[in-house]
There are 2 protein chains.
Amino acid sequence: MSSARKSPTMADVARLAGVSPMTVSRAFKTDSSVSDATRDAILKAADDLGYVFDSTASSLRSQKTDFIAVTIPSINNANFAETVRGLSEGLKPRGLQILLGYTDYDMAEEERLIEQFLRRRPEAIVVTGGRHTPRARRMLVNAGIPVIETWDLPADPIGHVVGFSNADAVRGMVDHFVSRGLTRIAFIGGDTSRDTRGADRRVGFVAAMRAHGLDATRLIAVGAPPISMREGAEAMGRLVETLPDTQAVICVSDLSAFGALSECQRRGLEVPGRLWIAGFGDYEIAGIAVPALTTINPFPREIGTRTARLILDVMDDRQATPARIVISPELLIRQSTG
Amino acid sequence: MSSARKSPTMADVARLAGVSPMTVSRAFKTDSSVSDATRDAILKAADDLGYVFDSTASSLRSQKTDFIAVTIPSINNANFAETVRGLSEGLKPRGLQILLGYTDYDMAEEERLIEQFLRRRPEAIVVTGGRHTPRARRMLVNAGIPVIETWDLPADPIGHVVGFSNADAVRGMVDHFVSRGLTRIAFIGGDTSRDTRGADRRVGFVAAMRAHGLDATRLIAVGAPPISMREGAEAMGRLVETLPDTQAVICVSDLSAFGALSECQRRGLEVPGRLWIAGFGDYEIAGIAVPALTTINPFPREIGTRTARLILDVMDDRQATPARIVISPELLIRQSTG
DNA sequence: CCAGCCGCGGTTAACGATAACAAATCGGGA
DNA sequence: TCCCGATTTGTTATCGTTAACCGCGGCTGG
């Protein structure tokens, strides 16, 4: 497949180009001072040898890895993917590379990932959510690099925050339903608190219902978060069987909401005629489903771009104190609710 | 946020524990020979100091980074995400970490990513698809590490292959439709060849139609790949207006197929009564949609797990020659087609 | 009773780049 | 012509870990 002899180093390139290794090093940096003739000769020599720059050695000596560590709950989620895209886009121009890991909504796994990542000496670390194991939190506090918690507004943040209130967002949706005259409203979500954002949404639902003096016990919990379309369908089945007079359902995500909608279609229950359904996240399916699903857009991409900008600001000393950037989710009323 | 003094090294831990740095190094490896008492003392000292292992230095000296580089076309795609999950799961037990990048279906971006990744000296590199820029291909050939092309069966592979024939898979679907008596079949896909797998699927469609002596010109191309639900809907609108006698539609993915289905619902066209619709990929939505969508499962997770196993086999010298692992996609007939 | 081996730990140098400092070269104005 | 500052290039030492090798003591088996 290729020659097995070990790959050439800057010293080899330097020898061939007739310069010192330091000059080769300079030729590979865009800013430094090397004459055009020398640089051309060096790049030619490097090309002839098939030289590939060694970032590991560079990182060790310069104490700069150009890594930004990022942990998300799931790699298979369009919203978190959008945040990563926003991050990536904002960091790429500076040559920063994302070290991405997913936790499967498991704090122990998050702890493992954070430890593994910190060993790579990233320039900053971005985590999803504000709840961590005590050891994970300690590691982040002591990491000596910028820490950004996202997708949440932790009461006691570690460092920077770029997020929104999941509870408030759902509260806004409940308020809207109540203002339209509904009272028997249910919530569909997962059955554990693994997904802390999902749990916060339920908390927001319960608080809002109570604030209106309404029954906040129509809670359907099904499966381990993140709950899927299938589980949304299952939950809807259970709901119409146990609480058939329910007027509206708020689902923890658009995916479960679509599952719920599909179950209604299978059972011949008209949406929104017989029942309203709303989701969370403004996934593409929410806009395409028939009827289109009412949902909440938390601007996941903006979370990423704002986080990226924040990281650059901190690295360039434009931001010294911990930032708290609050995103305002948008309630999108569509055909599935009235 | 934390003390700014520079972080402790193995030398500091060694001093505190009263041993040599080499012994500290050994204490951090699971296999090496250190007495339990010494190891405990070292780990205690490390903990007291807040020592964090430096993988960068370790990588440089040992010439082992424990990185596996992986490029996928899109991070926002459940199928590629599944492949990454399979990979990750298979590599984690060995302490291998994935360096993930996405190309946005752009070969120039893939080249940029590959170059950036190779500088990090990964133990192996996994790429999606078999088409690359000449320079990217050259870099991979000369990288001196295992190269695995996935999700495709390149005619002239660089190294190892774990994939399937996109063309053959679609051919199987066309054969099924024809066997059920349909003749006027259309294909919905993107309008460029950026998505080489999508292009291969269209090739398979055309070849199969011609093999049956049928009209293979009902091709709707809409938008830049990967085409979304919205674009699937748009394509379907165009199809029913220009070729209203079409009996069945094969879409390049389940997402566009669902978009097409939703457009039929909006227009009051019965599926499958008036028109059959099929997709590709067996995304969750295909099974949940009403009617459920006929599709093809290419076993994306298995592509990941098989690739991971292959990498371990090569690293352990159990596999010397380039492997060609062929996955057999499964045709899933559902309600959307008869 | 001693050769040989094993378990455990130390010493030295090196991985490949670059920070920090020093020196050589060049061009232009006094 | 000469000197000064800017530009270009070289020298030395180092980032933090570990490969390779060596030494010491204790135990085992012939």
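Letters go in sequence order (proteins before strands), and every chain restarts at 1. Only heavy atoms go into these numbers, but all of them, side chains included; no hydrogens, no water, no symmetry mates.
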Practice item. Please check if atom CZ in A:Arg194 has more than 12 non-hydrogen atoms from other residues, nucleotides or ligands closer than 6.0 Å. Key: yes
Review point. Do the non-hydrogen side-chain atoms of A:Arg120 and B:Ser59 ever get within less than 4.5 Å of each other?
Key: yes
Check your understanding: Around atom CZ of B:Arg301, are there more than 12 heavy atoms of other residues, nucleotides or ligands at under 6.0 Å?
Key -> yes
Exercise for review: Nearest whole angstrom, please: distance from the C1' of C:dC8 to the CD1 of B:Ile42.
Suggested key: 11 Å
Check your understanding: What string of B, S and - do you get for nucleotides 14-24 of chain D 5' to 3' if you count protein non-hydrogen atoms under 4.0 Å?
Key -> BBBBBBBB---
Exercise for review: State whether B:Thr38 places a side-chain N or O below 4.0 Å from either non-bridging phosphate oxygen (OP1 or OP2) of C:dC8.
Suggested key: no
**Study point:** Side chain A:Ser58, main chain A:Asp54, donor-acceptor under 3.5 Å
**Key:** no
Review point. Ignoring hydrogens and geometry, is there a side-chain-to-backbone donor-acceptor pair from B:Glu149 to B:Ile158 under 3.5 Å?
Key: yes
Check your understanding: When the distance from CZ of A:Arg15 to C1' of D:dG10 is rounded to whole Å, what number comes out?
Key -> 16 Å
Study note, to complete from the structure: Between its two end axes (five pairs each) the helix from C:dC1-D:dG30 to C:dA30-D:dT1 turns, nearest 10 degrees, through 40°
Exercise for review: Answer yes or no: are there more than 12 heavy-atom neighbours, outside A:Asp316 itself, under 6.0 Å from its atom CG?
Suggested key: yes
Check your understanding: With sequence neighbours excluded, what pairs up with A:Glu123 under the salt bridge (charged side-chain N to carboxylate O under 4.0 Å, His left out) test?
Key -> none
Check your understanding: What nucleic acid atoms does B:Ser20 come within less than 4.0 Å of, heavy atoms only: base, sugar-phosphate, or nothing?
Key -> base
Exercise for review: Determine the interplanar angle of the B:Phe28 and B:Phe53 rings, folded into 0 to 90°, and report it as parallel if under 30°, tilted if 30 to 60°, perpendicular if over 60°.
Suggested key: tilted
